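Treat the numbers as computed from the prediction; the structure is a model and nothing was measured.
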Amino acid sequence: MNIKHILRKRVILLLALFFSSTIAMNAAQKIDRIEPTNWFVGMKNPQVQLMVYGKDVRAAEVSTDYPGVRIDSLVRLDSPNYLLVYLNVGDAQPGTMNLLFRAGKSKTSVKYELKARDMKGEERMGFTNADVLYMLMPDRFASSGKNLKVKGLNAYSVNRKEPSLRHGGDLKGIRQHLDYFNELGVTALWFTPVLENNSPDHGKSSTYHGYATTDYYRVDPRFGTNDDYRQLVADAHRKGLKVVMDMIFNHCGFEHPWVKDMPTKDWFNTPEWLAPENQAKAVKTKTVDGDQITNDKYLQTSYKLTPVLDPYASKVDLRETVDGWFVPSMPDLNQRNEHVMTYLIQNSEWWIETVGIDGIRMDTYPYADRKGMAHWMEVLNTEYPNFNTVGETWVTEPAYTAAWQKDSPLAEVNSNLKTVMDFAFFDRINQAKNEETDDWWKGFNRIYNSLCYDYLYVDPSHVMAFIENHDTDRFLGEGQDTLALKQALALLLTVNRIPQLYYGTEILMNGTKSTTDGHVRRDFPGGFAGDTRNAFNKAERTKEEQAMFSFTSRLLHWRQNNEVITKGKQTQFIPFKGVYVVARTLGDKAVMTVLNGTSKTATMSVARYAEIIGNRTEATNVLTGRKIDLTKDVKLQPKGVLVLSL
């Protein structure tokens, strides 16, 4: 072979390589998606992070000629298939801009919309202690029958006979029952997460609960569309109901695109077990969702939250809590990565602006990075000073919970979190229901001995109390102790707290987690086609169900706009001869919640409570409308309850 022939072949090869690389560059300019899907002008922070997805998009240069918009920076991540574009839109007006992506000679123009805000951040009012939140699971509450089988999702089934598979509830189903919430008397709705959970079923298990997000900007199509969500919130507002959105910053779902193609090596905490070289080292790991396959590089959270605040915590304990995965199917996001945190912060703002939610409940709050979450709350409090967020802080000691509240002197890091969940109240009331109230520790002494530590809270009126939720046994367990339930509800709805109810309690829904969480997340009767009866309808409730509904509704409607409960001073009395009294006073008004913590008749000594009763000779029992004579001691039935308006 002569030298000319060799050179000719090399030239041909180089030309082929050049043209193939040019084709690759052209192909690389395909933009798969941009998140957020749009943004808003007039935000206090003029900068927005755009996360651009597309093959080999990392190499692109980006420009725009839209008036009032400039590109502050481009961040090229470890994966070639992502690019972060930080825009400054502080001087922009609403409209659609063109973003020009250029790589070599290839150019791609993508339209991106900047929208006007529906209202200023200061005008968004969050939930307060004047509200009562009603928590429900969209999959288990009611179905419109429209979205039972959606194409394009990973394999799943709708089977109401299986407690851990999907049952088919959706947003339109909830929307059809908004009048029910008004009839009951609640003022705010908290749905478990509604965002896409595109995880395939695993046997008889699924992510019907919504806590494994696979798309942060899309409502799960089995629940409906983003427009359905917006319409539901708008209709709820027209009926005087607020809506609280459940969010999860600690982890996402395993089928999120970030898992197969990690944007950066530190996008997740402890992701090394997913590396190909470690996949061969498979072991079976026991988790809260059953046995799952991992390997010796996998780090499981301990589920113990105390190390986050423990002044003596070891590094290994803290790392297991914060960096360990909740379960192997929910990758643990790294909030110490500033780009991850910016993405999550913007996502919460986007949902506030897009659908008009009135509050956020943040799942697994202490599992995420403490400083990252504090920064998130600082941003939200600045943009929406009257908005409210409640964090799940599952430790049953008031001192722990109080340290997570905004401006707490107990914490080294200010969480900026306005509202915390009162797991101490939940724990004590569920112990007290099974005990006789004695002169020291048992029964309602447990509640007294918990509330007496309210001095630890910066603001006790920004503490959310509850007697049960989707992660606990129902208050009734497997029984129907209506006396204990009435006492618990009367206390919950009159103490200085933001109360939260769990769906179906008002019609005596019960169940425990002894076999699966699904047994405390049963379908609301009447919410689904084929149900034998409709408990949304008074005529189809049993006598016992209607009695509990009437009790709860009467108390809830009385509570609405009752300033004695929302603004009044709280006074509690040490349980005396089995009787526990909590009073609220405001001006010349007073309310006394009186509980007989024993299974025998008891007496409320009028003289003992003279500082509240004063010279009043009569009170009205809110629960019945009957008058109570206060010139003599008041007899109480076994496990009896009175809510006295003085």
Side-chain angles (χ1 to χ4, degrees), residues 20-37 39 47-63 71-87 99-104 106-108 110 112 154 195-196 198-199 212-218 248-280 294-295 297-299 323 325 328-347 350 368-369 372:
S20 66
S21 64
T22 302
I23 291 170
M25 282 185 189
N26 290 337
Q29 293 316 287
K30 181 177 182 296
I31 307 301
D32 294 328
R33 67 183 186 187
I34 298 177
E35 294 172 338
T37 53
W39 198 240
Q47 191 178 76
V48 57
Q49 173 208 84
L50 303 185
M51 189 168 196
V52 185
Y53 298 66
K55 184 173 174 54
D56 295 324
V57 72
R58 177 179 63 186
E61 295 297 331
V62 186
S63 62
I71 295 175
D72 285 343
S73 64
L74 301 178
V75 179
R76 307 184 195 281
L77 305 178
D78 297 336
S79 168
N81 304 316
Y82 301 95
L83 178 66
L84 297 182
V85 181
Y86 282 88
L87 296 180
L99 292 172
L100 183 63
F101 292 82
R102 181 187 292 113
S106 172
K107 297 179 182 179
T108 299
V110 178
Y112 190 82
N154 287 320
L195 300 187
E196 181 193 273
N198 191 19
S199 301
T213 309
T214 55
D215 189 331
Y216 283 92
Y217 285 92
R218 183 192 190 197
I248 317 100
F249 282 8
N250 179 65
H251 51 263
C252 66
F254 203 84
E255 283 68 28
H256 195 289
W258 294 335
V259 179
K260 289 183 180 179
D261 185 7
M262 293 184 201
T264 64
K265 295 180 179 66
D266 65 345
W267 201 261
F268 297 108
N269 290 317
T270 61
E272 50 269 19
W273 75 279
L274 297 174
E277 63 270 22
N278 293 324
Q279 286 298 294
T294 58
N295 56 50
K297 298 293 184 182
Y298 173 74
L299 182 64
D323 291 353
W325 289 27
S329 59
M330 295 180 182
D332 202 72
L333 291 166
N334 176 19
Q335 298 81 26
R336 292 183 293 271
N337 180 314
E338 63 176 316
H339 305 302
V340 172
M341 203 64 231
T342 299
Y343 178 98
L344 295 172
I345 291 171
Q346 287 183 176
N347 181 254
W350 189 87
D369 180 69

Looking at [X] and [Y], what are the two nearest heavy atoms and their distance?
X	Y	answer
V259	P331	CG2-CG, 3.6 Å
C252	Y216	CB-OH, 3.3 Å
P328	T294	CG-CG2, 3.5 Å

Any side-chain to backbone donor/acceptor pair from [X] onto [Y]? Under 3.5 Å, distance only.
X	Y	answer
E196	R218	no
R76	A60	yes
Q346	Q49	yes
D332	H251	no
N334	D266	yes
N295	N278	yes
T214	E255	no

Run the side-chain contact (heavy atoms from CB on, under 4.5 Å) test on L99 and L50 for me, step by step, so that the C-alpha distance in whole Å, both residues' side-chain angles and the decisive distance to 0.1 Å come before the verdict. CA-CA 11 Å; L99 292 172; L50 303 185; 3.7 Å; yes

Flag the pair [X] / [Y] as yes when at least one side-chain heavy-atom distance between them is below 4.5 Å, and no otherwise.
X	Y	value
R58	L77	no
R33	D215	yes
Y53	S79	no
F101	V52	yes
M330	N250	no
T342	Q47	no

Aromatic rings [X] and [Y]: how do their planes relate, parallel, tilted or perpendicular, breaks at 30° and 60°?
X	Y	result
W273	F254	tilted
Y86	H339	tilted
Y217	W350	perpendicular

State which residue, out of F249, W258, W267, fulfils the ring pair (Phe, Tyr, Trp, His ring centres under 6.0 Å) condition with Y343. W258

May I ask you to say whether D261 pairs ionically with K55, meaning some side-chain N is under 4.0 Å from a carboxylate O? no

Pair K297 + E272, salt bridge at N-O below 4.0 Å: no

Any chance you could measure [X], atom [atom1], to [Y], atom [atom2], to the nearest 0.5 Å?
X	Y	atom1	atom2	value
N198	T213	CG	OG1	12.0 Å
E338	I345	CD	CD1	10.5 Å
N81	D32	CG	CG	8.5 Å
Q335	M341	CD	CE	6.0 Å
I31	T108	CD1	OG1	6.0 Å
E61	L83	CD	CG	8.5 Å

Show your reasoning for whether side-chain contact (heavy atoms from CB on, under 4.5 Å) applies to L84 and Y82. CA-CA 7 Å; L84 297 182; Y82 301 95; 6.0 Å; no

